[in-house]
Amino acid sequence: MNAPVAAPSEPHVMQTYGRLPIALSHGQGCWVWDVNGRRYLDGLGGIAVNTLGHAHPRLVPALQEQVARMMHCSNYYHVPLQEQLAAKLCELSGLDVAFFCNSGLEANEAALKIARKYGHDRGNHNPEVLVFEGAFHGRSIATLSATANPKIHAGFGPLVGGFVRVPLNDINAVEAALKAHPDITAIFLETIQGEGGVNPARIEFLQALRRVADAHDILLMLDEVQCGIGRTGKWFAHQWAGIQPDVMPLAKGLGSGVPIGAVVCGPRAAKVMQPGNHGTTFGGNPLAMRAGVETLKIMVEDDLMANAAQVGAELKAALQQGLANVAGVVEVRGQGLMLGIELDRPCGALLARAAEAGLMISVTAERVVRLVPALILSSDEAAQIAAILCPLIKAFLSDAEGGQP
Ligand SMILES: *Cc1c(COP(=O)(O)O)cnc(C)c1O
């Protein structure tokens with residue numbers, strides 16, 4: 001092998017990330033290689049983005065064909081692939097229309113604009129949105145204001161107003177807030193909180209929110225940017241509760257790596273936006289639309305939701321078994337291939353240790369190890385993740401760096 005290449009110094013890249021000293025070169029399936037030729041098992045999937053893994057043998061030629069045909073045109077014209085992807089998303093969700101953008105925060109911005117306009121359309125000129133503790137909705141000024149994390153707010157005030165925040169899974173708090181704030185026009189939450197530490201909204205809570213939103217004639221907006229697109233074993237995580245949202249922002253996994261966002265709306269919200277109210281230059285471009293169409297098609301052909309449910313259950317069981325009775329492990333939770341291991345102390349140091357052991361993971365909410373791999377993960381790869389990760393967590397909890405909680 002050649003001499004190892006040092007991770008590059010990057011004097012010209014704005015320093016917005018605390019990066020590991022690893023530079024990645026390429027990937028195949030659930031594996032990635034660094035510039036030194038070292039291989040890692042990818043338990044992160046580009047943070048729930050690479051639905052089909054890396055270099056999928058049917059996605060790659062479809063995108064190559066699309067790049068050669070047309071990547072971008074303007075929304076001055078009809079883009080036939082938009083209707084194709086929108087129709088598929090509506091078929092899968094039971095909703096009516098989709099707007100396309102380029103990222104999760106953009107999808108959430110559109111949702112927040114819909115919530116405000118929904119109010120204005122009915123004579124409420126001070127619309128408010130109910131949001132939740134632990135929430136993450138993005139890093140634009142409006143979506144960071146909807147986000148609960150004070151670290152994400154710090155330095156960026158004044159925050160956007162019009163948000164009321166209550167605890168997750170507390171329907172009494174929701175009802176009290178609606179009483180105290182009659183101008184609330186939307187309830188906005190992640191069906192399963194991702195950055196907040198893999199915290200599910202309970203099924204009964206989601207069902208109660210649906211009833212409350214109907215009773216008040218306001219919008220239920222479910223941010224499925226991370227938990228949607230088959231990751232939990234259903235197309236959308238709220239389908240486990242047998243409900244439908246009025247507004248559903250999507251992004252991450254929808255393009256399997258090509259940047260894309262979407263807001264899918266049901267009847268109460270479908271006609272809120274009128275020509276001229278919203279738009280984006282790149283949103284709905286043919287390349288991203290093709291990536292979305294092909295991702296959903298391959299998911300159906302290969303039954304990847306069933307795979308996510310099955311292999312996710314195996315991985316969760318292996319982690320629960322490997323970490324049973326380990327002091328310092330609070331809980332292994334999550335559904336399908338969206339799993340979190342909560343520890344009783346900050347564990348950011350595990351990122352580098354896992355990479356050293358050949359595994360990509362993430363740590364979120366300071367003390368939750370998160371696994372959001374590609375939905376093509378095999379049983380054998382799931383077993384390998386558990387076999388690498390469990391001993392690392394045990395060693396971390398018992399050594400000096402892990403320290404005391
Ligand atoms: C990642 C994420 C976002 C933000 O998406 P970006 O594409 O990074 O802007 C919003 N909501 C949720 C639930 C997310 O996980």
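Remember, it's 1-based here, ligands and their atoms both numbered in the order they're listed. Numbers for residues simply follow the sequence, beginning at 1.
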| request: List every atom of ligand 1 that sits less than 4.0 Å from any heavy atom of N108, numbering the atoms from 1 in the order shown and giving each element. | output: 10 (C), 11 (N)
| query | Would D34 and R39 pass as an ion pair if we require N to O under 4.0 Å? | reply | no
| Any side-chain donor paired with an acceptor under 3.5 Å for N102 and T280? | yes
| request: Write out all pairs satisfying salt bridge (Lys or Arg N to Asp or Glu O under 4.0 Å) with one or both partners inside residues 134-143, taking only residues at least two apart or from two chains. | output: none
| Distance flag for atom 9 (O) of ligand 1, protein heavy atom under 4.0 Å | yes
| Just checking, is any N or O donor in the side chain of E204 or N169 under 3.5 Å from an acceptor N or O on the other one? | no
| Contact (N/O only, under 3.5 Å) between E195 and ligand 1 | no
| Tell me, which protein residue and heavy-atom name are nearest atom 4 (C) of ligand 1, and how many Å apart are they? | L105 N, 3.7 Å
| said: Distance alone, cut at 3.5 Å: any donor-acceptor contact between the side chains of W240 and T232? | reply: yes
| Per atom 13 (C) of ligand 1, closest listed option by heavy atom (I260, V372, I47, D223) | D223
| query | Considering only protein heavy atoms, which is closest to atom 2 (C) of ligand 1, and at what distance to one decimal place? | reply | K252 NZ, 2.5 Å
| field | Protein contact to atom 6 (P) of ligand 1 [nearest heavy atom, distance to 0.1 Å] | value | G104 N, 3.5 Å
| query | Will you find, in the side chains of Q28 and H54, an N or O donor that is under 3.5 Å from an N or O acceptor? | reply | no
| Numbered atoms and elements of ligand 1 in range of E190, under 4.0 angstrom, heavy atoms | 13 (C)
| said: Quick test of your reading: applying salt bridge (Lys or Arg N to Asp or Glu O under 4.0 Å), list the pairs with at least one residue in residues 184-195, sequence neighbours left out, ordered by first then second residue. | reply: E195-R370
| field | Within reach of ligand 1, part of S103 (heavy-atom separation under 4.0 Å) | value | both
